[in-house]
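Down below is the structure, laid out as structure tokens.
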Amino acid sequence: MNIQNTISALERKGYTARFFETGAEAVAYLERAIEGKVIGFGGSWTLYALKLHEVLGRKNTVIDPDYPDDGREFEEVALDTVRTQHYMLSANAMSEDGVIVNLDGHCNRIAGSVFGHEKIWYVIGTNKIVPSLEDAIWRTRNVAAPKNARFLKRKTPCAVKGDRCYDCSSPDRICSGLLINLQKTGSAEVEVILINEELGY
Ligand code: SF4
């Protein structure tokens, strides 16, 4: 993979793209870049690993449905993220030519990633970058989702076996909507932060 080619491809698709060698450098940039905003988070192990809730929460208001305030339900908080000023998430996979793929259960994350914000941020480790769109869809369904299901202790075949997607009919299924971003969507500014580390699933 030539990261400069990927950055150029993202820029041709309308994104702003930046590359950082380490998560610490990326976090320091984001801390400088975002201040005084309400930021909705789409569930992401990458954001958690980088402690972005904590760092960005110092100068902004972070709303994360996975960490609702006392007494609030996931759905209620997820609805609050739909119209936040900024929205931040990762990707389940991205092709080398800049097509971003995400799979979601409740679909608040993929909804938040396309509309309703003045700025959207993707934070993506280079472990998520694969050669083609087909590879990105495959990775999303057969690597990211099973790992997530296993971590969440879901009663699904992929969580038990951990090897691939079984397109299950389990009540515990975590996959409903698959979003393929062929290019930047809508009028919002969208910035893609690429980090040369293994981050998230
Ligand atoms: S459809 Fe079922 S088996 Fe496939 S990844 Fe989703 S939860 Fe796992």
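For ligands, and for the atoms within them, numbers begin at 1 and follow the listed sequence. Keep in mind that this is a model prediction, so the values were computed, not measured.
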Protein residue, atom and distance nearest to [atom], heavy-atom basis:
atom	value
atom 3 (S) of ligand 1	Tyr166 N, 3.2 Å
atom 6 (Fe) of ligand 1	Cys175 SG, 2.3 Å
atom 4 (Fe) of ligand 1	Cys165 SG, 2.4 Å
atom 7 (S) of ligand 1	Ile174 N, 3.6 Å

Short list, please: which atoms of ligand 1 are under 4.0 Å from a heavy atom of Ala145? 5 (S)

Number the atoms of ligand 1 from 1 as they appear, then name those within less than 4.0 Å of a heavy atom of Asp167, with their elements.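 Listed by number with element: 1 (S), 3 (S), 4 (Fe).
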
Identify which one of Ile129, Asn127, Val101 satisfies the side-chain contact (heavy atoms from CB on, under 4.5 Å) criterion when paired with Arg139. Asn127

Answer yes or no for Cys168: is there an N/O/S atom below the 2.8 Å cut-off from atom 2 (Fe) of ligand 1?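 Checking Cys168: at least one N, O or S atom is under 2.8 Å.
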
For the pair His106 and Phe74, name the ring-plane relationship: parallel under 30°, tilted 30 to 60°, perpendicular over 60°. tilted

Donor-acceptor side-chain pairing of Ser132 and Asp135 below 3.5 angstrom: yes

Find the distance between OG1 (Thr22) and CD (Glu197) and round it off to the nearest 0.5 Å.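 Between atom OG1 of Thr22 and atom CD of Glu197 there are 6.0 Å.
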
Tell me whether Cys158 has at least one N, O or S atom under 2.8 Å from atom 4 (Fe) of ligand 1. no

Please find the pair of heavy atoms, one from Ala188 and one from Lys184, that lie closest to each other, and give the distance. O-NZ, 2.6 Å

So which bit of Asp172 gets within less than 4.0 Å of ligand 1, heavy atoms only: side chain, backbone, both or neither? neither

Please examine the side chains of Val192 and Ile100, heavy atoms only from C-beta on, and report whether any two atoms are closer than 4.5 Å. yes

Hphob cluster co-occupancy, Leu47 + Val27, side-chain heavy atoms under 4.5 angstrom: yes

